[in-house]
Amino acid sequence: MKKKKPKTVAFIDMGTNSVRIMLARFDGGRSHTELSRQKEMIRLGEGEFDDNRIKPEAMERAVAVCRNFVGMAKTFGADEIVAVATSATRDASNQKEFLELLKNEAGIEMNVVSGKEEARLIYLGVSRADRIDGPTLFIDIGGGSTEIIIGDGREYSYLDSMRLGVIRLSMKFIEDVHAPVTPKRYEMICEHVKNASIRPVQTIRSFRIKDAYGSSGTAQSLAEIARQVIHKGDESRKSLLKLKDLKQISKLLCSLPLKERRNVPGMNPKRADIIVAGAAILETIMSQAGINELRISSRELRDGLLIDYLDREYGEESQEVSIRMRSVLSLGRKCGFDENHAETVARLCLEMFDTGRNIWLHRQGSGRRELLQYSALLHDIGAFLSYSNHHANSSYFIRNADLLGFNQKEIAIMAASVFFHRRGSPGRKGGETAGLDTRSIETIRVHSILLRIAESLDRSHAGLIAHAKFRMGDKNTVILELECDRGCDLETWGAQNHRDAFSKIFGKKLLIKLVE
């Protein structure tokens, strides 16, 4: 593979409890050098889970840290910032307000990912660090959610994200953070975790798990406390946590008021008020799933962001097809889509996209081109429910399928593009484009008309149109040249019906011509 230009990239993970940054320099291939790794606790989810709104003071903390991290990235000469937000932002009803604040005041474009995508990124980060052979369990406990993954080092078999996080459960069950936690209260937390994790635990037990990993600051803290308190700092116990030790230190932590809990050997004082909830989550899942010990990994979601970035830029090491394409094709096949028709529409869309860009019909780049391809592949997946309303059904499935490899904005763009591929045009406010910025809405306008034309050009599902290319006529006219092997009057007539919509979007008249 041809080497690319060397560059520096910053990877930022905004969780419910902390914001983390990692800076890496790429030499133009898959090899890279880590330059810096920093973390700041912001307690973004503090007070949120009562009404699903991020509090103003939490927003201010997040903006201040992100502003510093952006400045740090600039100091290192970062060419690009890849930033994702997880549970607290994902669940917030005031998400749009928060993202706009981050963009305007911290200069960062934060992308929100689904729970399953969060789990996938964690799996990438943790699993690539060690040689893993056979079904392996990964548990990552965050502030707002806990991710469960099963994989064999080459591919994941199961991904899940549960609304079980240390801040979420501490707010729900621990009224006085300064007091000891009674055995009855701890039992209540464990019972809640047990009920919320029934299905994931059943799945874990259905596999013959050979090994198990725990990641996140909570797991690391619990393991270090066990090493210091029970094993007197034994180095051989580093990065290992046994269930019997976890049960012992859980009792100790519950018995102490916050002031004394902060002084427990191995304790990170900043986690002392939420560590009991973390212990309850980990102890319950391990007990229910029959896991007696965990290897503790220092790798996490931001490491997964780096691996995912490498896979996108330079190709996945073990896969010929990207995770995004695999996810899209999997959804299409589950819905029984006409794969040949979908591929034809995608091919025609991309040809019009490329030739349209060549004549400055639009200014979209490779990232938006890729989204158009996926939208085209999925544009008809709702037809098995109702053809007359298949555009709305398809859009709904795209929004709710937990497509892996995509963030919320990308999914919203694809869903809206598909929704408008039959009729109508996205407005500036509400409806299918609610929460999207102006640039995204303009993307949808372009994609939806290209989808509409391409769909008509394969109206018979016979793949008659070999090529569809835009070229300039006079300054007010764009010509769409069509090449077909045999009679394609139906397709040509169908495309003619979209000339008015084309003119409204691009401000130019559309002429359609058949060429030899």
Side-chain angles (χ1 to χ4, degrees), residues 14-20 39-55 57-59 61-62 85-92 115 118 139-148 161-197 214-226 241 246-247 249-264 266-287:
M14 177 181 287
T16 303
N17 194 40
S18 304
V19 183
R20 299 169 171 85
K39 178 178 74 173
E40 291 290 341
M41 193 172 286
I42 58 169
R43 293 290 174 94
L44 185 63
E46 197 166 66
E48 174 189 353
F49 301 114
D50 291 332
D51 57 4
N52 287 331
R53 291 184 64 82
I54 300 174
K55 299 298 180 279
E57 54 271 26
M59 288 189 186
R61 292 194 295 268
T86 55
S87 182
T89 310
R90 181 166 65 234
D91 295 342
E118 181 180 356
I139 305 173
D140 185 275
I141 300 173
S145 64
T146 292
E147 279 63 50
I148 300 288
S161 178
M162 303 176 291
R163 291 189 173 187
L164 297 172
V166 291
I167 293 180
R168 191 188 293 268
L169 293 193
S170 295
M171 288 178 56
K172 184 178 181 67
F173 289 101
I174 300 176
E175 296 176 358
D176 184 358
V177 297
H178 298 283
V181 178
T182 66
K184 183 178 180 180
R185 179 66 57 175
Y186 187 75
E187 186 179 338
M188 286 175 61
I189 303 173
C190 290
E191 188 66 22
H192 177 83
V193 175
K194 180 180 176 181
N195 292 334
S197 61
S215 55
S216 77
T218 294
Q220 291 170 21
S221 292
L222 290 168
E224 183 60 18
I225 293 168
L241 178 61
L246 176 58
K247 289 180 177 180
I249 64 169
S250 294
K251 291 179 181 178
L252 170 65
L253 295 172
C254 287
S255 71
L256 301 173
L258 180 61
K259 186 175 181 180
E260 294 180 28
R261 203 183 304 149
R262 287 194 177 109
N263 296 321
V264 170
M267 171 69 75
N268 177 346
K270 293 182 179 179
R271 290 187 178 274
D273 59 332
I274 55 176
I275 196 71
V276 169
I281 294 170
L282 199 54
E283 180 182 335
T284 303
I285 293 175
M286 289 179 70
S287 297

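We use all heavy atoms of the structure for the numbers below, so side chains are in, but hydrogens, waters and symmetry mates are not.
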Step-by-step side chain to side chain contact (heavy atoms under 4.5 Å, CB included) determination, Ser287 to Lys194:
CA-CA 10 Å; Ser287 297; Lys194 180 180 176 181; over 6 Å; no

With side chain to side chain contact (heavy atoms under 4.5 Å, CB included) as the test, would you mind laying out the steps for Leu253 and Leu222 before giving the verdict?
CA-CA 10 Å; Leu253 295 172; Leu222 290 168; 4.1 Å; yes

Asp140 vs Ser215, side chain to side chain donor-acceptor pair (under 3.5 Å): CA-CA, chis, key distance, verdict:
CA-CA 5 Å; Asp140 185 275; Ser215 55; 2.6 Å; yes

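Across every non-hydrogen atom of Asp91 and Glu48, the tightest pair is C-OE2, 3.9 Å. Nearest heavy-atom pair across Thr218 and Gly278 is CG2-CA, 3.7 Å. Here the closest non-hydrogen pair linking Arg90 and Ser161 is NH2-OG, 3.9 Å. In terms of heavy atoms, Leu44 sits closest to Ala62 at CD1-CB, 4.1 Å. A pairwise comparison of heavy atoms in Ser87 and Arg168 identifies OG-NH2, 3.4 Å as the closest pair. The heavy-atom pair separating Tyr186 from Cys254 by the smallest distance is CD1-SG, 3.4 Å.
Taking CD from Glu118 and OG1 from Thr146, the interatomic distance works out to 9.5 Å, rounded to the nearest 0.5 Å. Remark: Leu241 CG to Glu283 CD distance equals 10.0 Å, nearest 0.5 Å. Here CE of Met162 is found 8.0 Å from CD1 of Ile139. Values are rounded to the nearest 0.5 Å. Rounding to the nearest 0.5 Å gives a distance of 9.5 Å between NE2 of His192 and OG of Ser197. One distance of note links CD1 of Ile274 with CG of Asn17; it measures 4.0 Å at 0.5 Å rounding. Between Glu260 atom CD and Ser255 atom OG the span is 8.5 Å, to the nearest 0.5 Å.
By the 4.5 Å heavy-atom criterion applied to side chains, Arg185 and Met188 are counted as neighbours. Residues Met41 and Ser18 meet the side-chain proximity criterion, which asks for heavy atoms closer than 4.5 Å. With a 4.5 Å cut-off on side-chain heavy atoms, His178 and Pro257 do not count as touching. When side chains are defined from C-beta on, Leu169 counts as touching Val193, because their heavy atoms get closer than 4.5 Å. Between Ile189 and Ile174, some side-chain heavy-atom pair lies under the 4.5 Å cut-off. For the pair Gln220 and Arg271, the minimum side-chain heavy-atom distance is 4.5 Å or more.
Of the residues listed (Arg43, Lys259, Arg261), the one engaging Asp273 in a salt bridge (Lys or Arg N to Asp or Glu O under 4.0 Å) is Arg43, and it is the only one.
Remark: Lys55 NZ is packed, more than 12 non-hydrogen atoms of other residues, nucleotides or ligands lying under 6.0 Å away. Around CD of Glu57, the count of heavy atoms belonging to other residues, nucleotides or ligands within 6.0 Å exceeds 12.
Distance alone, capped at 3.5 Å, places no donor-acceptor pair between the Thr16 side chain and the Gly45 backbone.
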